[in-house]
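Working notes, beginning with the structure itself.
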Amino acid sequence: MDLLEYQGKQFFASYGIPVSDGQATGDVDEAVAIADRIGYPVVVKAQVHTGGRGKAGGVKLANDAAECREHASNILGLDIKGHVVETIWIEKASDIAEEYYASFTLDRSAKLHLGMLSAEGGVEIETVAEENPDAIAKIHIDPVDGLTEAACRDWVLAANLDPEATDGAVDILMKLYTAYTDGDADLVEINPLILKPTGEVHALDAKVSLDGSAIYEHPDYEQYEATQPRDEREEAAHDKGLQYVGLEGSVGVIANGAGLAMSTVDVVNQVGGKPANFLDIGGGANADVMAGALEVINNDPAVKAIFINIFGGITRGEEVANGILEAMQRVTIDSPIVIRLDGTNADEGREILRPNLNDRLMMEETMLDAARKAVELAGGPTS
Ligand code: GDP
Ligand code: MN
């Protein structure tokens, strides 16, 4: 569950991390009233589930009510990387001496928590990692031991922040680690973490992703459901009872069984393609389920080819083949389909499909060949 910046700041504040006083609204008049209450200058900030808002014109300083009104009306409705701004956050403007970067996330390969801290904040951390990787101080933390204040201090010193920021940074990072672990977050990121000219350290931005599987331990997290970004494809698929996850690519994937569906996504990547989705239709592959799956995939405008990868088990190959053919009569499909059918009675299934093959419906013997064919039909390998 990804939080909006203001939700992330409220989450941080509940763990004692200093953030600016502010309030969220979706209304221009209310924005001005909030700014009047807080006192100028204020910052008007777009609340969307994406970064780089500053560059996109979604973060503006207002020195008086007229400027606040102007920025609020410009930012509300603004499209930032496909996210339309419905909510803005008005906060007291801060004076900045330095901008840092701080985060905690899970390093899956190390099986440890990873803290990252850099004196080069304010820019995207990916850019720092590429151009000046030495500017990022990293710390691995064993969840059993936790983060000790001594280790935290060493880490802060390694990051070469302004010495004036050391105590404040240690204090915030200890609290941030507690927020990350006790709050069951997958990611907490502060960019920029600022040093003010007065010497205080302060979180000026907040990126928080909470573990959706831990909601039962945090009933208050239900409040975030309403502001989650919606993927229309996922909603349509879930309404049909399909296990679907939307991805960014152009090869629509249909497979039976979660393991096979994941392998199918992997093999499409392996041959240089980009899957448009993960879709597990479950054990059966009858015409109803297949038609529903094809409909969901077909409604995704990014899909250029469809890869149906079925391994017959209890569901026999001829049932699968008949299901696919019947589904294709019910749904008009825009993209060419490549089928790989294997498992129980695969030969019988293939015999049923064979007379129906053409340049819109193809069949390959192996998963790898089918993936190659689908990727080629979707415009060729991208990597
Ligand atoms: P992002 O672009 O989506 O990461 O949004 P941020 O909240 O990080 O804001 C982008 C940039 O705007 C920051 O790196 C700061 O340089 C600037 N900014 C944000 N809030 C303030 C503020 O209160 N005072 C000043 N001077 N600059 C700010
Ligand atoms: Mn930021």
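Atoms within a ligand are numbered from 1 in the order they appear, just like the ligands themselves. Note that this is a predicted model, so its numbers are computed, not measured. Side chains are part of it too, since the values below use all heavy atoms of this structure and drop only hydrogens, waters and symmetry mates.
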| said: Test your reading of the structure: does Glu99 have an N or O sitting under 3.5 Å from an N or O of ligand 1? | reply: yes
| message | Could you check, using the six-membered ring where one of them is a Trp, whether His238 and Tyr244 have ring centers closer than 6.0 angstrom? | response | no
| Should you measure from each heavy atom of Lys45, which atoms of ligand 1 turn up under 4.0 Å away? | 6 (P), 7 (O)
| Ala93 heavy atoms, cut-off 4.0 Å: which ligand 1 atoms fall inside? | 23 (O)
| What about Phe104 and Trp155, are their ring centers closer than 6.0 Å? | yes
| Quick one: which ligand 1 atoms are inside 4.0 Å of a heavy atom on Ser94? | 22 (C), 23 (O), 24 (N), 25 (C), 26 (N)
| query | If you measure from atom 20 (N) of ligand 1 to every heavy atom of Asp205, Leu204, Leu61, which option wins on shortest distance? | reply | Leu204
| message | Check this for me - ligand 1, Thr50, N or O atoms closer than 3.5 angstrom, yes or no? | response | no
| Among protein heavy atoms, which sits nearest to atom 2 (O) of ligand 1, and what does the distance come to when rounded to 0.1 Å? | Gly54 N, 2.8 Å
| query | What residue and atom, counting heavy atoms only, is the protein's closest point to atom 27 (N) of ligand 1, and at what distance? | reply | Ile96 CD1, 3.3 Å
| message | Can you confirm whether Glu365 is buried at CD, in the sense that more than 12 heavy atoms of other residues, nucleotides or ligands lie under 6.0 Å from that atom? | response | no
| message | Tell me whether Lys207 at atom NZ has more than 12 heavy atoms from other residues, nucleotides or ligands lying less than 6.0 Å away. | response | no
| query | For Lys81, does the NZ atom sit with more than 12 other heavy atoms under 6.0 Å from it, leaving out its own atoms? | reply | yes
| task | Please check if atom CD in Gln223 has more than 12 non-hydrogen atoms from other residues, nucleotides or ligands closer than 6.0 Å. | result | yes
| request: May I ask you to test the Val201-Asp171 pair for a side-chain heavy-atom distance under 4.5 Å? | output: no
| task | On the 0 to 90° scale, with breaks at 30° and 60°, tag the His218-Tyr221 ring pair as parallel, tilted or perpendicular. | result | parallel
| Going by atom types alone, do Glu120 and Ser118 pair a side-chain donor with an acceptor below 3.5 Å? | no
| Closer than 4.0 Å: a protein non-hydrogen atom to atom 22 (C) of ligand 1 | yes
| Mind counting the protein N, O or S atoms sitting less than 2.8 Å from the Mn ion (ligand 2)? | 2
| Listed by chain and number, what are the side chain to side chain contact (heavy atoms under 4.5 Å, CB included) partners of Val32, not counting sequence neighbours? | Asp36, Tyr40, Ala65, Cys68, Arg69
| Donor + acceptor pair across side chains of Asp107, Ser109 (<3.5 Å) | yes
| field | Identity and distance of the protein heavy atom lying nearest atom 12 (O) of ligand 1 | value | Val59 CG1, 3.9 Å
| note | One finds that the ligand 1 atoms under 4.0 Å from a non-hydrogen atom of Asn191 are 8 (O)
| field | Single hit among Ile297, Asn277, Thr264, Asn309 for side chain to side chain contact (heavy atoms under 4.5 Å, CB included) with Ile254 | value | Ile297
| task | Report yes if Arg53 has an N/O atom closer than 3.5 Å to an N/O atom of ligand 1; otherwise report no. | result | yes
